[in-house]
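Okay, structure first, notes after.
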2 protein chains.
Amino acid sequence: MINYTDELRKHNLKATPQRLAISDALYINGHMSIEVLYELMLKKFNSISLATIYKNINLMMENSFIQEVKIPNAKSVYELTKTAHSHLVCDSCGEVEDITIDLDAIIDEAKQISSFKIDKASLVLSGVCKNCQ
Amino acid sequence: MINYTDELRKHNLKATPQRLAISDALYINGHMSIEVLYELMLKKFNSISLATIYKNINLMMENSFIQEVKIPNAKSVYELTKTAHSHLVCDSCGEVEDITIDLDAIIDEAKQISSFKIDKASLVLSGVCKNCQ
DNA sequence: TATTTTAAAGATAAATATTATCCTTTGATA
DNA sequence: TATCAAAGGATAATATTTATCTTTAAAATA
Ligand SMILES: [Mn+2]
Ligand SMILES: [Mn+2]
Ligand SMILES: [Zn+2]
Ligand SMILES: [Zn+2]
């Protein structure tokens, strides 16, 4: 169990017990939706407000402490910010897994065939996970 | 202006004036959000219900007549289903543009380094469009 | 073409999801 | 320890999406 006090402060976020618990939950579970996170936090803080979850998720995103991952045909999930990576999603069970693939070639190609100045690539691969096959 | 009557029927959708107008709007504008589509449809049908927009978007998605495109930090947009392609999004003006890039190599790599059975890839590239540079 | 059937439209209520507000509590700093 | 800005909790307000019910109309068919 990592102590996220310093990490939160680096992102200009006060290290409250609620935020430490959210950080910890994301560290342990990897990717979580708002509702799942809320349910989990309720077990730790029996009177935590859903508004606290939303306010923190929004603030943490603004400060780049966490990131949103938008998934086809499913609710968004959130994760602690880490080095750029892509995602694998299981259409059967909804499991979201990290995968690191070098997208530089793709980005270069896109730069050549378009007139955009490109600086970010978001890739989500869908399929069936090991467990559901 | 294309007549989408047959195309709608192929997807088991009755060709109502509202649906023809939605199809036409998507054909002309490429990618549209729910609210923008609703505003536009109101000009054509001054009493169209927002529920009609939602019901049609949902039904058209179920029948694969249209597709949803989830965009980082923005609302989803919808487009007529066409051959698989990726998207470019302008962080400045929100413009969404199609771009065709071969993702087979990426998908193959993902198959090798993961245990997923992968069948779909969704790529969104973010940056600044020509106009906003 | 007239009739019948069934799905879709419109109006609107209901349900969900998200944000704002207000007051109390607390983390950070000195 | 005292101060203060920020965060939490409770809850109201908005926003978004879906459900329900009645009317209308598209499509099938006689
Ligand atoms: Mn991830
Ligand atoms: Mn497109
Ligand atoms: Zn699975
Ligand atoms: Zn632009």
Side-chain angles (χ1 to χ4, degrees), chain A residues 3-26 32-63 65-78, chain B residues 3-26 32-63 65-78:
Chain A
N3 185 288
Y4 276 97
T5 303
D6 294 343
E7 201 59 32
L8 283 165
R9 288 180 183 156
K10 277 181 199 161
H11 289 82
N12 294 100
L13 295 161
K14 283 191 181 178
T16 66
Q18 292 82 352
R19 286 175 182 173
L20 290 169
I22 289 172
S23 305
D24 215 52
L26 291 175
M32 304 184 84
S33 68
I34 294 274
E35 68 175 343
V36 169
L37 180 60
Y38 177 52
E39 293 305 321
L40 192 60
M41 289 303 96
L42 269 178
K43 292 177 185 167
K44 208 169 182 91
F45 308 95
N46 60 5
S47 73
I48 196 172
S49 171
L50 179 54
T52 296
I53 303 294
Y54 275 106
K55 283 185 285 192
N56 278 319
I57 287 292
N58 288 336
L59 202 58
M60 286 171 164
M61 278 205 286
E62 283 167 26
N63 296 5
F65 181 71
I66 65 172
Q67 309 267 161
E68 181 176 16
V69 182
K70 292 202 173 187
I71 297 171
N73 312 116
K75 289 184 182 162
S76 288
V77 293
Y78 302 84
Chain B
N3 184 288
Y4 276 96
T5 303
D6 293 343
E7 201 59 32
L8 282 165
R9 288 179 182 158
K10 278 182 200 161
H11 290 267
N12 294 101
L13 295 162
K14 282 190 182 178
T16 66
Q18 291 84 351
R19 287 176 182 172
L20 290 169
I22 289 171
S23 305
D24 214 52
L26 290 175
M32 305 185 84
S33 68
I34 294 276
E35 68 175 343
V36 169
L37 180 61
Y38 177 51
E39 293 305 321
L40 192 61
M41 289 303 95
L42 268 178
K43 291 177 186 165
K44 205 169 184 95
F45 307 95
N46 61 3
S47 75
I48 194 171
S49 171
L50 179 54
T52 296
I53 303 293
Y54 275 106
K55 283 184 285 191
N56 278 321
I57 287 292
N58 288 337
L59 203 57
M60 286 171 163
M61 278 205 286
E62 283 167 26
N63 296 5
F65 181 72
I66 65 173
Q67 310 266 159
E68 179 176 16
V69 182
K70 292 203 174 186
I71 296 171
N73 311 118
K75 289 185 181 162
S76 289
V77 293
Y78 301 84

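What you see is a predicted model, and the numbers here were worked out from it, not measured in a lab. Each chain gets a letter, A, B and so on, in the order the sequences are listed, and its residues count up from 1.
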May I have the distance from [X] (atom [atom1]) to [N] (atom [atom2]), rounded to whole angstrom?
X        : N       : atom1 : atom2 : answer
Arg19(A) : dA28(C) : CZ    : C1'   : 12 Å
Glu68(A) : dA17(C) : CD    : P     : 15 Å
Tyr38(B) : dT16(D) : OH    : P     : 13 Å
Met41(A) : dG8(D)  : CE    : P     : 12 Å
Leu50(B) : dA11(C) : CG    : P     : 12 Å
Leu8(B)  : dA7(C)  : CG    : P     : 16 Å
His11(A) : dG27(C) : NE2   : P     : 21 Å
Arg9(A)  : dT26(C) : CZ    : P     : 17 Å

Exercise. Relative to the 5' end of DNA chain D, which residue comes earlier, Ser49(B) or Phe45(A), by the nucleotide with the nearest heavy atom?
Worked result: Phe45(A)
Seminar exercise, completed: By nearest-heavy-atom nucleotide on DNA chain D, the more 5' of Lys14(A) and Lys14(B) is Lys14(A)
For this session: Verify, without hydrogens or angle tests, whether Asn56(A) (side chain) and Thr52(A) (backbone) share a donor-acceptor contact under 3.5 angstrom.
Result: yes
Problem set entry | Check: Lys70(A) side chain, Ala74(B) main-chain N or O, donor-acceptor pair, under 3.5 Å | yes
Would you say a side-chain N or O of [X] is under 4.0 Å from OP1 or OP2 of [N]?
X        : N       : value
Gln18(A) : dT26(C) : no
Asn12(B) : dA7(C)  : no
Thr52(A) : dG9(D)  : yes
Asn58(B) : dT18(D) : yes

Problem set entry | Heavy-atom donor-acceptor pair, Lys55(A) side-chain to dG9(D) base, under 3.5 Å | yes
For this session: Scan Ala15(B) against the nucleic acid and name what it touches under 4.0 Å (heavy atoms): base, sugar-phosphate only, or nothing.
Result: sugar-phosphate
Exercise. What does Ile34(A) touch in the nucleic acid at a heavy-atom separation under 4.0 angstrom: a base, only the sugar-phosphate, or nothing?
Worked result: nothing
Problem set entry | For Lys55(B), all residues meeting salt bridge (charged side-chain N to carboxylate O under 4.0 Å, His left out), sequence neighbours excluded | none
Exercise. Of Tyr54(A) and Thr16(B), whose closest DNA chain C nucleotide lies nearer the 5' terminus?
Worked result: Thr16(B)
For this session: With DNA chain C as reference, determine whether Ser47(B) or Lys75(A) sits nearer its 5' end, using the nearest nucleotide of each.
Result: Ser47(B)
Exercise. Does Met41(B) reach the side chain of Gln18(B), with side-chain heavy atoms less than 4.5 Å apart?
Worked result: no
Problem set entry | Minimum side-chain heavy-atom gap Leu37(A)-Tyr78(A) below 4.5 Å | no
